[in-house]
**Student:** 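One structure, as structure tokens, below. Some questions next.
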Amino acid sequence: LPELQYPAQLNAARELLAGPPGDRPCVRGGGERWTYGELRHRAAQVAAVLTDDLGLVPGNRVLLRGPNEPWQVACWLGVLLAGGVAVSTMPMLRTSELSAITELSRPALALVHHGFTDEVPAGLRTVAYGADAELTDRCAAHDGVFTAVDTAADDVALLAFTSGTTGRPKATMHLHRDVLAIADTFSRHVVRMQPSDVVTGTPPIAFTFGLGGLVVFPLRAGASTVLLDRVTPDQLADAVAAHGATVLFTAPTAYRAMIAAGKADRLAGLRRAVSAGETLPASVWHAVHDATGLKIIDGIGSTEMLHVFISAADDDIRPGSTGRAVPGYRAAVLDDDGHPVPDGTPGHLAVRGPTGCRYLDGDRQGSYVRHGWNLTGDTYVRDADGYFTYLARSDDMIVSSGYNISGPEVEQALLGHPDVLDCAVVATPDEERGALVTAYVVLREGAVPDPAALQDHVKQVIAPYKYPRRVEFVAQLPRTSTGKLQRYVLRERAAG
Ligand code: 3SK
């Protein structure tokens, strides 16, 4: 794509702020409502504070921590303008998790929302932001004029941490050109964000799904963004309607919960609804479509790739399938030796494109990137039309009595039962079969636990050998801070 040819010297924040006229609405939330001019001014002030007052030099890392609200966006942009490297952290992390991140990333200082300073590890120079906090006072002493550091397109702009469905956090490095590339591929060609769009959603900005969807994409398009802080699915649906949002970014669980709460009609004003973080069950796609006419855009992305690389929109959507490689990316399904498998045969999903995995440390780089392909750890199947359908995380395939069974496929079947609100399917050890397909099920309010009814239902919708031989009812499922199911927690629990 010609739009992916960036100049050798490129500062992503300067580019994102360069576009729209200063009086256009830009970002609101946390009681603030800023135009593009105001965001530009504040980001420049933050950059000036970082360099002039706090001695930041290009390449220094800055830890960021706070809820989704405009000051966090100003801080993130300010760090990049100053040539620093943004290390965004989830607001729900505690000291032990933040310590692991600071040990790995060694930030020079931290910019932290004044309500979130308590958990920051001792010894890290911390400047609080938000109303009446130190950073805000310091900003007032700067005039909002700052010449962005002339970073190279290949300089590191951010470190992104995966919260990890395996429980092991990892840091990935992304460059200034990567930040623009995610907007110039998925947002421009699939979401097709417009300047008139009003964007909202739930993923934290510290999660690259949220950073892209709620910050980078709207700024690149000259659209406006409404940042919400920890909303329930009910509140999310109401916020979409109240703010006149036209584009929504959230996870399948939120869509499912909005339907369960009878709130899907509140989404009717949306032009685009994007789902990522986990695969979107066809039943959820149809339920939202039936209630609103909306065609949810499902996408697979990863922290390693920065954002979404397979997706589809409008009439290209085939519910239950993730879609095709996003323009600018190539995707393939490979066997264990790295050779492409025939269409229709399951294998390892591999992807390459303008963004890619660069781990900060450790020895995982060689297993994630092989021969230029990023191996995402997902088992997928491709059809003759180039559509990719998710089967499982490669370590979520269950081998039971010699059969290969995808845990997520059984979950989708269970989710089609009216009593099931949420579920997870994992392998538990079994002497006879090697592994037993085990379902952990959260029932809808008022539903009566009936394992046999759920097992019969699964046998009706997918091959009967895949049915869960063990069904356990639970109040809730373990999820990461970004909402991904932690199947390993259930596997460990089952193994005792
Ligand atoms: O991890 C994910 O699932 C994801 C999805 C979309 C965009 C970015 C990410 C990290």
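Counting starts at 1 for both ligands and their atoms, following the listed order. Keep in mind it's a predicted model, so treat the numbers as computed, not measured.
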**Student:** Just to confirm my output: which protein heavy-atom neighbour is closest to atom 3 (O) of ligand 1, and how far is it?
**Tutor:** K484 NZ, 2.6 Å
**Student:** Find out whether the Lys NZ or Arg CZ of R42 is both under 6.0 angstrom from the six-membered ring centre of W34 and within 45° of the ring's axis.
**Tutor:** yes
**Student:** Relative to the heavy atoms of G301, which atoms of ligand 1 are at a distance of less than 4.0 Å?
**Tutor:** 1 (O), 2 (C), 3 (O), 4 (C), 5 (C), 6 (C), 9 (C)
**Student:** Charged N to carboxylate O under 4.0 angstrom, R487 versus E411?
**Tutor:** yes
**Student:** Tell me yes or no: between the side chains of E409 and Y390, is some donor less than 3.5 Å from an acceptor?
**Tutor:** no
**Student:** If you take the nearest heavy atom of each of T162, V308, T208, which one is closest to atom 10 (C) of ligand 1?
**Tutor:** T208
**Student:** Before accepting this row, confirm whether a basic side-chain N of the pair E15/R177 lies closer than 4.0 Å to the acidic partner's carboxylate O.
**Tutor:** no
**Student:** List ligand 1 atoms under 4.0 Å from T303, heavy atoms only on the residue side.
**Tutor:** 10 (C)
**Student:** Against heavy atoms of G277, which atoms of ligand 1 measure under 4.0 Å?
**Tutor:** 3 (O), 5 (C)
**Student:** State if S302 counts as touching ligand 1 under the rule of any non-hydrogen atom under 4.0 Å.
**Tutor:** yes
**Student:** Verify the ring-centre separation between H348 and Y380: is it less than 6.0 angstrom?
**Tutor:** no
**Student:** Taking the six-membered ring of Y387, is the NZ or CZ of R318 close enough (under 6.0 Å from the centre) and on axis enough (within 45°)?
**Tutor:** yes
**Student:** Show me which atoms of ligand 1 lie under 4.0 Å from any heavy atom of A276.
**Tutor:** 5 (C), 6 (C)
**Student:** Hey, is L306 touching ligand 1 through its side chain, its backbone, both or neither, going by heavy atoms under 4.0 Å?
**Tutor:** backbone
